Amino acid sequence: MLLMLAGAIVWSGSRTRDERQNEVRREARSMARMGSAYLSQYFDGLDAVASALMRHSAIAALDPAQCDALFAELLAEQPLLLNVVLRDRDGGLVASGAEPRTDRTSTPAPAYLLEVLKSGRPAISELYSGPLTGQPTIGQAYPVRAADGTVVGVLAFSLNVLALRKVFEGLALPAGSALTLLDQKGRVLVRSPDGERYIGQTIASGRPHALADDAPVQTDIDNVERFIGTASIDRVPWALIVGIPRSVVRERLTPLFARNLAISVAAVLAVVCLSLWLSHQTSRGLNRLRSAAQRIAGGDLSTPVRMAVPNLELAELQEAFITMAANLRATRDALDRQVEQERKMREMLQSLQRQVVRQERLAAVGVLVSGVAHELNNPLQAILGTAELLERKPDLDAEVREEIGILKTQGGRAREIIRNLSRFGSQQSSPPTVVDLRAVIEEVMQLRRYDLEKASITIEVEASASGKVNANVTEMEQVTLNFVINAQQAIESAGRERGRILLRLYDDGRKVRLEVQDDGPGVAPEHEAKLFQPFFTTKPVGKGTGLGLSVSYGIIDSYGGVIGCHGNEWNGATFFFELPAAEISSDQVIAVTSRV
Ligand code: ADP
């Protein structure tokens with residue numbers, strides 16, 4: 001841009017210089033024409049003076065004394081005239097305004113005067129040295145006629161060529177200008193300045209005008225380069241040349257150049273300042289966008305702050321960034337949701353896998369246990385039968401009878417354990433009926449209320465389900481009771497003074513779910529997998545057998561249900577079972593008996 005500006009300045013400078021040169025050339029031409037008009041005017045004036053003199057009687061009478069006085073008077077008025085001369089028909093001197101340096105009779109008439117006498121027409125001489133004055137002069141001569149029209153003499157004005165430049169004083173020429181009047185032979189008639197030096201010099205032979213005004217600039221006779229303007233004079237074959245020095249163009253250009261230079265420098269400075277400001281603004285905007293991009297790259301997808309930017313492109317870039325951040329945010333949120341969903345699904349899958357593994361393991365254990373229980377049952381029956389028989393003997397002493405009693409008690413306990421183990425092995429005791437789990441809960445509450453109150457444990461019930469399942473009512477009571485007793489024992493094991501238990505019964509789709517929630521210590525993670533295995537207990541010997549949950553598992557599993565546990569918001573444990581809801585037909589009798 002600066003190069004373009006510099007080019008424009010150079011171009012404008014050269015145009016301005018050309019314009020000024022043309023202007024000066026036109027000025028020289030018009031000055032020359034004006035000078036020519038001045039000279040013609042002067043000659044017209046001379047004509048008028050001559051015609052006035054012609055009418056004077058002394059002239060017509062060729063009276064020397066009167067004419068001398070008349071001419072002397074005229075010379076005093078006309079500083080540009082060297083002399084005024086009257087000659088008779090033969091060219092003899094009659095009168096002279098200037099005192100002749102020699103005898104009047106010995107001054108022969110110049111040839112052009114004889115020509116005027118002969119032709120009877122006015123004429124102008126070439127440059128010559130005046131015979132009377134001895135100075136360079138040009139003569140303008142008029143024929144003097146008698147009343148009958150015959151030429152009786154000639155009246156001549158000798159022009160003072162040294163003073164003739166005064167004719168051109170009205171021309172306002174610039175300093176250093178030169179004015180040159182050339183005759184038809186290229187001789188200098190008038191020269192200003194330095195008239196004396198050049199008058200009579202031929203400055204170009206064969207050409208009337210030594211200098212042509214079509215050249216842009218020419219070297220004048222004083223070796224100064226000038227713009228030339230020429231004009232020819234109407235009544236004489238002369239040329240007037242006006243030369244205005246080249247330096248005038250320079251002088252006129254200088255202030256223009258100075259002004260243009262000042263404007264250009266100011267413009268350049270303004271452009272530079274504007275460019276700097278714009279580039280500063282642009283780089284600021286880009287820096288902000290870069291830090292916004294870095295923030296986005298660093299994972300901060302919050303909407304970038306919309307800031308003032310210097311141009312449209314940056315504004316669009318900023319909008320694109322904001323849109324990009326919004327899109328990235330939406331994409332990231334969608335990804336987060338997807339990841340969370342996948343995590344939940346994975347957890348659910350893992351839990352199901354664990355459940356499947358546990359169920360398979362428990363099923364295997366169940367088969368094993370029921371087999372062992374069956375095998376142990378027969379010898380145990382035999383032991384108990386034998387103990388019965390022994391006890392019936394009358395002659396037994398008290399000590400033996402007591403030991404047989406211990407045998408029977410422990411044997412009975414073993415039989416009870418074996419019966420429970422059989423239940424774990426899914427051996428159903430009686431065919432299922434429709435059981436109302438709300439009634440089961442009521443029964444369990446009645447059984448446990450007293451104990452729980454004693455232990456300062458509050459028990460609440462939330463029952464929002466119909467609660468009908470196909471099962472054995474005793475077994476349902478057994479499972480629920482087992483849950484409640486375990487919850488109480490867990491609360492007590494934590495050494496808490498008070499506790500809470502919540503029984504919740506609700507429909508879960510086509511299933512009925514019963515939960516027992518407590519605020520005890522919860523189940524340790526390492527115990528979770530073993531909870532439903534037979535004989536797993538964390539309770540002290542004599543308090544827990546580790547069969548409650550395994551038997552419950554056997555019961556629920558035998559009805560196609562699910563049993564399990566998880567943590568809760570009280571930081572305790574929630575044990576639950578789910579059974580398929582019972583299809584109730586109108587003829588079915590629902591009988592729920594309350595049992596202690
Ligand atoms: P037992 O009650 O004879 O120990 P269970 O099979 O009923 O046998 O219980 C097995 C184990 O499960 C318990 O010893 C206890 O560690 C754990 N358990 C059962 N219920 C709860 C509960 N509500 N809170 C904490 N642990 C429990």
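Please read these numbers as outputs of a predicted model, since none were measured by experiment.
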I'd like to know if the side chain of T150 reaches the main chain of A146, judged simply by a donor and an acceptor atom lying under 3.5 Å from each other, with no hydrogens or angles considered. no
Are P143 and V154 side-chain neighbours, meaning at least one heavy-atom pair lies under 4.5 Å? no
Walk me through it: do R26 and E23 pass the test salt bridge (charged side-chain N to carboxylate O under 4.0 Å, His left out)? CA-CA 5 Å; R26 276 198 302 276; E23 183 186 294; 5.4 Å; no
If I take atom CZ from residue R288 and atom CZ from residue F321, how far apart are they, to the nearest 0.5 angstrom? 14.0 Å
Is there a donor-acceptor pair under 3.5 Å between the side chain of R33 and the backbone N or O of G229? no
So, T230 side chain and I241 main chain: donor-acceptor pair closer than 3.5 Å or not? no
Cation-pi check, R25 to F227: give yes when NZ or CZ is under 6.0 Å from the six-membered ring centre and within 45° of the ring axis, no otherwise. no
Can you confirm whether S158 sits close enough to L81 that some side-chain heavy atom of one is under 4.5 Å from a side-chain heavy atom of the other? no
If I compare all heavy atoms of P245 with all of V224, which pair ends up nearest, and what's the gap? CB-CG1, 4.4 Å
Do I124 and Y112 have side chains that approach each other closer than 4.5 Å (heavy atoms only, starting at C-beta)? no
Would you give the length of the straight line joining atom OG1 of T137 to atom CD of E126, rounded to the nearest 0.5 angstrom? 13.0 Å
So do the side chains of R226 and I244 get within less than 4.5 Å of each other, counting heavy atoms only? no
Nearest 0.5 angstrom please: E73 CD to D68 CG, how far? 12.5 Å
Step by step, would you call R337 with E340 a salt bridge (charged side-chain N to carboxylate O under 4.0 Å, His left out)? CA-CA 5 Å; R337 278 197 300 276; E340 178 62 16; over 6 Å; no
Residue pair V152 / D88, side-chain heavy-atom distance below 4.5 Å: no
Any side-chain donor near an acceptor of the partner, R284 and N287, under 3.5 Å: no
Test side chain to side chain contact (heavy atoms under 4.5 Å, CB included) on F576 and Q517; report intermediate values, then the result. CA-CA 9 Å; F576 68 90; Q517 174 175 335; over 6 Å; no
Show the nearest heavy-atom pair for residues C67 and I59, with the distance to one decimal. SG-CD1, 3.8 Å
Counting only N and O atoms by type, is there a donor-acceptor contact under 3.5 Å from the side chain of N568 to the main-chain atoms of N571? yes
Which distance, rounded to the nearest 0.5 Å, do you find between the CE of M54 and the OG of S51? 8.0 Å
If we ignore hydrogens and angles and just use 3.5 Å, is the side chain of D518 paired with the main-chain N or O of G572 as donor and acceptor? no
Provide the closest heavy-atom pair for V523 versus C565 in the form atom of the first, atom of the second, distance. CG2-SG, 4.1 Å
From CA spacing to verdict: side chain to side chain contact (heavy atoms under 4.5 Å, CB included), L159, Y42: CA-CA 11 Å; L159 301 177; Y42 180 68; 3.8 Å; yes
Test item: P174 and S177 side chains (from C-beta on) under 4.5 Å apart, heavy atoms: yes
Pair R252-E27, salt bridge (charged side-chain N to carboxylate O under 4.0 Å, His left out): steps then yes or no: CA-CA 13 Å; R252 291 183 185 180; E27 192 178 332; 2.8 Å; yes
Spatial distance of atom CG (L182) from atom CG (L240) [nearest 0.5 Å]: 8.5 Å
Ionic contact status for R306 with E319, cut-off 4.0 Å: yes
Check the orientation of F157 and Y142. Use parallel for under 30°, tilted for 30 to 60°, and perpendicular for over 60°. perpendicular
Do P122 and V116 touch side chain to side chain, with heavy atoms closer than 4.5 Å? no
Taking atom CD as the centre, does E569 end up with more than 12 heavy-atom neighbours from other residues, nucleotides or ligands that are less than 6.0 angstrom away? yes
Using side chain to side chain contact (heavy atoms under 4.5 Å, CB included), reason through D508 and E578 one step at a time and then give a plain yes or no. CA-CA 8 Å; D508 187 10; E578 271 178 10; 3.3 Å; yes
Given the rule in the side chain to side chain contact (heavy atoms under 4.5 Å, CB included) test, do L314 and L286 qualify, once you have shown the distances and angles that lead to the verdict? CA-CA 8 Å; L314 279 180; L286 281 173; 3.8 Å; yes
Test E342 against R346 for salt bridge (charged side-chain N to carboxylate O under 4.0 Å, His left out), laying out the working first. CA-CA 6 Å; E342 279 177 9; R346 202 170 46 247; 5.4 Å; no
Heavy-atom closest contact (V151 atom, G120 atom, distance): CG2-CA, 3.9 Å
Just how far is it from atom CG of L189 to atom CG of L39, taken to the nearest 0.5 Å? 9.0 Å
Examine the side chains of E462 and Y506 and answer whether a donor and an acceptor come within less than 3.5 Å of each other. no
Would you confirm whether S275, through its side chain, and V271, through its main-chain N or O, come within 3.5 Å as a donor-acceptor pair? yes
Compare all side-chain heavy atoms of T180 with those of V188 and state whether any distance is below 4.5 angstrom. yes
Do other residues, nucleotides or ligands put more than 12 heavy atoms under 6.0 Å from R15 CZ? no
Testing the basics here: between L114 and D90, what is the closest heavy-atom pair and its distance to 0.1 Å? CD2-O, 4.5 Å
Which heavy atom of I138 sits nearest to which heavy atom of S125, and what is that distance? CG2-O, 3.4 Å
Counting only heavy atoms not in R121, do more than 12 sit closer than 6.0 Å to its CZ atom? no
